[in-house]
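One structure is given below, encoded as structure tokens.
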Amino acid sequence: MEREKFKCPKCGTEITVNLKEFVDVTENPEYKTQIMNGQFFLVRCPNCGDETLAEYPVMYMDPSKKLNVYMVPDHGEELLQQLNSLDIPDAEVDEEAVFRVVRSADQLLEKILIADGGRDDRLIELYKAVIIENIREEWPEVKQKDLLYFLGREEEYFIAWGIENAKGEQMTINLENELYEILKKDYLSALAVPAGKYAEVDEEWLKGKVKIEA
């Protein structure tokens, strides 16, 4: 386990943090719980007690869902090139495994929730684009990157993160399974990612795959 030093933004105290760079939630399910409740990247200052978010590179693995997500804040384009430069024998490639790269804890959480909901993150990103086109006139300030997928006990929905309407309410949009299945039937083949390869599936990635029209 690597160690990193952070400075408390409130009092300036130097804090030493044990970095969990490889997280297998089959072996350590408590790490998934910490990510889900927002505690995983929180660092508490031993001097003043203030808590700050200290995000660092983490390889998240959930073998039960064949999900692999590498979270690297502020990474460059070369990261994907490096990750995908290794040649893996075809016999060792799992066609169903998902390999993704994200930039933040929020994006990591979303990928986990999407997998837990049994959804495909490529189709979820496409669904977001459809939402944006449909609400463009009424909600011109909402961008695709503002929409995050959430999985409730009985429903799935998108929340416009940080966007509030005139009444001070958070905007949420329920996921309609019928539309999801239509998108899956019509677009999934166009959203293909080579088996065994990492992809940063986000708005920019989607733009290179399909064109969305209202």
Side-chain angles (χ1 to χ4, degrees), residues 1-62 67-85 99-116 121 124-125 128 139 141-152 157-172 198-205:
M1 184 176 292
E2 295 290 330
R3 292 188 173 188
E4 187 68 50
K5 292 183 179 180
F6 297 91
K7 277 194 174 183
C8 174
K10 186 175 182 179
C11 70
T13 298
E14 194 172 74
I15 310 168
T16 300
V17 179
N18 292 324
L19 307 184
K20 307 176 189 72
E21 297 177 293
F22 295 89
V23 172
D24 185 328
V25 296
T26 298
E27 298 178 356
N28 300 102
E30 69 274 14
Y31 291 157
K32 179 177 180 179
T33 300
Q34 291 171 10
I35 293 172
M36 301 283 278
N37 64 26
Q39 295 295 312
F40 187 86
F41 293 104
L42 277 184
V43 176
R44 185 180 180 85
C45 177
N47 182 50
C48 68
D50 190 53
E51 290 186 327
T52 186
L53 189 65
E55 296 183 354
Y56 56 85
V58 172
M59 178 67 77
Y60 176 95
M61 298 166 287
D62 186 345
L67 178 66
N68 307 272
V69 184
Y70 193 20
M71 193 203 89
V72 184
D74 302 321
H75 65 261
E77 295 181 0
E78 70 279 358
L79 177 63
L80 279 174
Q81 297 174 358
Q82 293 171 358
L83 290 172
N84 292 330
S85 63
F99 297 89
R100 298 292 184 259
V101 171
V102 297
R103 296 174 179 271
S104 68
D106 289 340
Q107 293 175 351
L108 172 59
L109 172 60
E110 183 182 49
K111 297 298 183 185
I112 295 170
L113 290 173
I114 290 171
D116 284 355
D121 68 324
I124 291 296
E125 205 60 45
K128 291 180 187 180
W139 296 85
E141 72 274 24
V142 180
K143 309 300 180 184
Q144 188 170 328
K145 64 181 180 179
D146 298 323
L147 295 176
L148 291 178
Y149 169 93
F150 274 83
L151 178 66
Y157 57 95
F158 297 88
I159 183 170
W161 199 251
I163 302 295
E164 296 181 350
N165 64 20
K167 297 180 181 179
E169 298 174 347
Q170 198 79 46
M171 186 185 76
T172 59
Y198 281 87
E200 187 169 4
V201 176
D202 56 11
E203 180 181 1
E204 291 303 314
W205 175 89

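Residues take their numbers from the sequence shown, with the count starting at 1.
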| task | Would you mind checking if E14 and K5 are paired as a salt bridge, meaning a charged N to carboxylate O distance below 4.0 Å? | result |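 Yes, K5 and E14 are salt-bridged.
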
| field | Lys/Arg-Asp/Glu bridge criterion (N-O < 4.0 Å) met for R103, E200 | value | yes

| Sole residue of N37, D116, T26 in side chain to side chain donor-acceptor pair (under 3.5 Å) with K32 | D116

For the [atom1] atom of [X] and the [atom2] atom of [Y], what is their distance to the nearest 0.5 Å?
X	Y	atom1	atom2	result
L42	T52	CG	OG1	8.0 Å
L148	I124	CG	CD1	11.5 Å
I15	E4	CD1	CD	12.0 Å
K10	N47	NZ	CG	10.0 Å
E30	T33	CD	OG1	7.5 Å
R3	T16	CZ	OG1	7.0 Å

| Does E77 CD have over 12 foreign heavy atoms under 6.0 Å away? | no

| Within a reach of under 6.0 Å around CG of D74, are more than 12 heavy atoms found that belong to other residues, nucleotides or ligands? |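 Count not over threshold, so no.
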
What closest approach, in Å, do [X] and [Y] show between heavy atoms, and which atom pair accounts for it?
X	Y	result
L113	L151	O-CD2, 4.0 Å
I35	L109	O-CD1, 4.3 Å
L147	K128	O-NZ, 3.0 Å
A160	V142	CB-CG1, 4.4 Å
V69	K111	CG2-CB, 4.0 Å
F22	M61	CB-CE, 4.2 Å

| request: Give me the one residue out of N68, D24, L67 that meets side chain to side chain contact (heavy atoms under 4.5 Å, CB included) with Y60. | output: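 Among the candidates, only L67 passes.
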
| request: Using a 4.5 Å cut-off on heavy atoms from C-beta on, say whether the side chain of V23 contacts that of F40. | output: yes

| Do L83 and F99 have side-chain heavy atoms sitting under 4.5 Å apart? |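 No - every pair of side-chain heavy atoms lies 4.5 Å or more apart.
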
| task | Give the ring-plane orientation class for Y157 versus F150, where under 30° counts as parallel, over 60° as perpendicular and anything between as tilted. | result | parallel

| task | Please confirm whether the backbone N or O of E125 pairs with a side-chain atom of Q144, one donor and one acceptor, at under 3.5 Å? | result | yes

| request: Look only at the side chain of N84 and the backbone of Y198, and say whether a donor-acceptor pair between them is shorter than 3.5 Å. | output: yes

| Pair F41 and Y56, ring centroids less than 6.0 Å apart |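 So the answer is yes for these two rings.
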
